[in-house]
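Below is one structure; the comments refer to it alone.
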Amino acid sequence: MYSLKNKIVFITGASSGIGAACAHQFAQQGAHLLLAARRIEQLEDYAQKLRSSFHVRIHTLKLDVRKVSEVETALNGLPQEWKNISILVNNAGLARGMEPLFEGHIDDWEEMIDTNVKGLLYVSRTVIPGMIERGEGHIINIGSAAGHWVYPKGNVYCATKYAVAALTEGLRMDLLGTPLRVSTIDPGLVETEFSVVRFHGDTQRAKTPYAGMTPLSADDIADAVLYSATRPPHVNIQEIILMPTAQAAISLVHRKQTEIQ
Ligand code: NDP
Ligand code: 8X3
């Protein structure tokens, strides 16, 4: 097994959901964490809890991955002891809206493409050269089942996750011959803040994707990330697709009628 003890793990979007769950599980393994998000107070509160539970070092960064200069300044300006990132978890991402493409909101499209595709590229472009130089690194992207199958009104969100799938595959090819590893973890329905964000704060509507079924939890995804990150150096987990048992395909969810209000 690859030991995470004292390794530096950089997780984007660690202020909630899957990113926060990954931070918890990596901290449990004794890794040092570089955690980034825009909601810095929420992130710092969470980091403080992890520090006191696991006695690991944690450095937080207020970072909007959509802003290339912010990404470069934050990462290139890291204190020396935080520069040697061993694992990058490209998790920051979001969906906005769910309309037919011909009625979609341009602002929603821009935000999804800028975050899920361009943000992931900016962070990767800044972090990976150092990994190559040091001869050690693992990039773990959080893709989605929506990067394997399109669903009605998923149009642009699905396109961004198809892009993540292509970038993951392309990066793995470009890194062939180096010891670096590249994985993608691709979940179906996970109950986090994802749907509240998608539906612009409408908490009632945000419950509908999970009505009458048991979705995955953020911890379920963090388990898969941790599994990928702890394989021996000659093993690269290329891709894990995780679905709730009640979700057989992206648009095929079994719901218990009595639980749907
Ligand atoms: P959450 O909304 O709970 O978490 C999203 C995280 O991303 C937050 O920490 C948020 O932090 C951060 N984030 C969003 N935009 C930016 C930005 N511009 N810069 C920096 N950080 C940002 O949702 P999830 O945990 O569910 O989502 C995490 C990833 O998992 C996403 O890539 C999503 O597409 C993917 N995914 C989610 C699924 C689900 O059903 N929930 C299924 C499949 C994949 P802050 O707002 O503080 O910046
Ligand atoms: C999130 C999965 O099906 O809610 O990536 O779009 S879904």
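Counting convention: from 1, in listed order, for ligands and their atoms alike. Numbers for residues simply follow the sequence, beginning at 1.
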Subset of ligand 1 atoms that lie under 4.0 Å from at least one heavy atom of Gly17: 3 (O), 25 (O)
- request: State whether a side-chain donor-acceptor pair under 3.5 Å links Ser16 with Tyr46.
  value: no
- prompt: Of the protein's non-hydrogen atoms, which lies at the shortest distance from atom 4 (O) of ligand 2, and what is that distance?
  reply: Phe194 CE2, 3.7 Å
field: side-chain hydrogen bond (donor to acceptor under 3.5 Å, both in side chains) partner of Asn141, the single match among Thr168, Thr184, Asp186
entry: Thr168
- request: Please identify which atoms of ligand 1 are closer than 4.0 Å to at least one heavy atom of Asp64.
  value: 17 (C), 18 (N), 19 (N)
query: Has ligand 1 got any nitrogen or oxygen that is less than 3.5 angstrom from a nitrogen or oxygen of Val190?
result: yes
task: Check each of Pro244, Ser195, Ser16 against atom 8 (C) of ligand 1 and report the one with the nearest heavy atom.
output: Ser16
- request: Would you mind finding which of Tyr151, Tyr210, Trp149 brings a heavy atom closest to atom 6 (O) of ligand 2?
  value: Tyr151
query: Would you say the side-chain atoms of His138 and Ser183 include a donor-acceptor pair closer than 3.5 Å?
result: yes
- prompt: Any non-hydrogen atom of Ala14 lying under 4.0 Å from ligand 1?
  reply: yes
- prompt: Which atoms of ligand 1 have any heavy atom of Leu63 under 4.0 Å away?
  reply: 19 (N), 20 (C)
field: Contact with ligand 1 for Ala95, non-hydrogen, under 4.0 angstrom
entry: no
- prompt: Applying a strict 4.0 Å limit to heavy atoms, is Glu111 in contact with ligand 1?
  reply: no
message: How far is atom 10 (C) of ligand 1 from the closest protein heavy atom, and which atom is that?
response: Ser15 OG, 3.9 Å
message: For atom 35 (C) of ligand 1, what is the closest protein heavy atom, and at what distance to 0.1 Å?
response: Ile142 CG2, 3.8 Å
query: Side chains of Glu44 and Thr60: donor-acceptor distance under 3.5 Å anywhere?
result: yes
query: Going by atom types alone, do Asp219 and Ser217 pair a side-chain donor with an acceptor below 3.5 Å?
result: no
field: Residue from His32, Lys7, Glu136 passing side-chain hydrogen bond (donor to acceptor under 3.5 Å, both in side chains) with Ser86
entry: Glu136
- prompt: Of all the non-hydrogen atoms in the protein, which one sits nearest to atom 36 (N) of ligand 1, and at what distance?
  reply: Tyr157 OH, 3.8 Å
statement: If you scan protein heavy atoms around atom 19 (N) of ligand 1, the nearest is Val65 N, 3.0 Å
- prompt: Phe194 ring centre to Arg198 NZ or CZ under 6.0 Å, with the angle to the axis within 45°?
  reply: no
message: Can you confirm whether Glu110 is buried at CD, in the sense that more than 12 heavy atoms of other residues, nucleotides or ligands lie under 6.0 Å from that atom?
response: yes
- request: Considering heavy atoms of the protein only, find what lies nearest to atom 6 (C) of ligand 1 and give residue, atom and distance to 0.1 Å.
  value: Gly13 O, 3.6 Å
- prompt: Are Ala218 and ligand 1 in contact, using a heavy-atom cut-off of under 4.0 Å?
  reply: no
query: Is the distance between the ring centroids of Tyr151 and Tyr157 under 6.0 Å?
result: no
field: For Gly188, the ligand 1 atoms whose distance to one of its heavy atoms is below 4.0 Å
entry: 40 (O), 42 (C), 43 (C)
Main-chain N/O of Asn91 paired with Thr12 side-chain donor or acceptor, under 3.5 Å: yes
query: Between Glu72 and Thr126, does any side-chain donor sit less than 3.5 Å from a side-chain acceptor?
result: no
- prompt: Considering distance alone, does some N or O of Glu191 sit under 3.5 Å from an N or O of ligand 1?
  reply: no
Atoms in ligand 2 flagged as close to Tyr157, the criterion being non-hydrogen separation under 4.0 Å: 1 (C), 5 (O), 6 (O)
query: Under 6.0 Å from the six-membered ring centre of Phe199 and within 45° of its axis: does the NZ or CZ of Arg96 meet both?
result: no
- prompt: For atom 25 (O) of ligand 1, which protein heavy atom lies nearest, and how many Å away is it?
  reply: Ile18 N, 2.8 Å
query: Where on Gln42 is there a heavy atom closer than 4.0 Å to ligand 1, on the side chain, on the backbone, on both, or on neither?
result: neither
- request: Give a yes/no verdict on whether any heavy atom in Asn91 is under 4.0 Å from an atom of ligand 1.
  value: yes
query: So, Glu70 and Arg38, do they make that salt bridge, N to O below 4.0 Å?
result: no
message: Could you identify the single nearest non-hydrogen protein atom to atom 17 (C) of ligand 1 and state the distance to 0.1 Å?
response: Arg38 NE, 3.5 Å
statement: In this structure, atom 23 (O) of ligand 1 is nearest to the protein heavy atom Thr192 OG1, 3.4 Å
- line: Min over Ala92, Gly93, Ala37 of heavy-atom distance to atom 5 (C) of ligand 1 lands on Gly93
- prompt: Counting only heavy atoms not in Lys67, do more than 12 sit closer than 6.0 Å to its NZ atom?
  reply: no
- prompt: Is there a heavy atom in Gly143 that sits closer than 4.0 Å to ligand 1?
  reply: yes
query: Closest approach of Val182 and Leu175, non-hydrogen atoms and distance?
result: CG2-CD1, 3.7 Å
query: Closest non-hydrogen protein atom to atom 2 (C) of ligand 2, residue and atom name please, with distance?
result: Ser144 OG, 3.7 Å
field: Closest contact, heavy atoms only, Pro152 versus Ser251
entry: CD-OG, 3.8 Å
